[in-house]
Amino acid sequence: MQLLGEGLVFWLGLPMPGPLLGMLLLALWLVWRGAVPEGLRQASGGLLQHLMLLFIPAVTGVMMHFGRVAHEWLPFLAACLGGAAVTLLVTAYTFRWMLRRSGGESPDHGGEDGL
């Protein structure tokens, strides 16, 4: 899917990274298919177990440009805080949606401690 995304971006001249388009195509294909193939499940499971290792190149890249980050700290901080807030909200709403879908009780509708 990444190769397909790269090819489509190049061929159509789209203003987005090819891997991002490939990931979107993969997500759409998985939704259409309705299940994750076993090979993809095994490969992604191994990657997810070592996810923190995949952040090392990104952090190294940021540290190599630390002078620029220090100079433009306000937009960098805003992007970090905004990204974290959006991630937290999307995760919370997805969790609530999955609880409702699975028939579980929503955390805000009771429980022994009233949380």
How far does CG of Leu4 sit from CH2 of Trp11, to the nearest 0.5 angstrom? 10.5 Å
Applying a strict under-4.5 Å side-chain criterion to I, L, V, M, F, W and Y, I'd like to know whether Leu14 and Leu28 cluster together. no
Of all the heavy-atom pairs spanning Thr87 and Thr91, show the shortest one and how long it is. O-OG1, 2.7 Å
Are any of the side-chain heavy atoms of Ile56 and Leu53 separated by less than 4.5 Å? yes
Tell me whether Phe66 is reachable from Trp73 by hopping between hydrophobic residues (I, L, V, M, F, W, Y) whose side-chain heavy atoms are closer than 4.5 Å. no
Under a single-linkage definition using a 4.5 Å side-chain heavy-atom cutoff for Ile, Leu, Val, Met, Phe, Trp and Tyr, are Leu24 and Val31 assigned to the same hydrophobic cluster? no
So CZ of Arg68 and NE2 of His71: to nearest 0.5 Å the spacing works out to 9.0 Å
Return yes when atom CE of Met63 has more than 12 non-hydrogen atoms of other residues, nucleotides or ligands closer than 6.0 Å, and no otherwise. yes
Answer yes if Leu25 and Trp32 sit in the same cluster of Ile, Leu, Val, Met, Phe, Trp and Tyr residues linked by side chain heavy atoms under 4.5 Å apart, and no otherwise. yes
Heavy-atom count around Met23 CE within 6.0 Å, excluding the residue itself: above 12? no
Calculate, to the nearest 0.5 Å, the distance between atoms CG and OH belonging to Leu88 and Tyr93 respectively. 10.5 Å
Please identify which of these residues, Leu8, Leu26, Leu12, meets the side chain to side chain contact (heavy atoms under 4.5 Å, CB included) condition with Leu21. Leu8
Could you grab the distance from atom OG1 of Thr60 to atom CZ of Phe55, nearest 0.5 Å is fine? 13.0 Å
Look at atom CG of Leu54 and say whether more than 12 heavy atoms of other residues, nucleotides or ligands are closer to it than 6.0 Å. yes
List the steps, then state whether side chain to side chain contact (heavy atoms under 4.5 Å, CB included) holds for Leu30 with Met1. CA-CA 11 Å; Leu30 290 173; Met1 290 296 182; over 6 Å; no
I need the Leu20 CG to Gln2 CD distance, nearest 0.5 Å. 11.0 Å
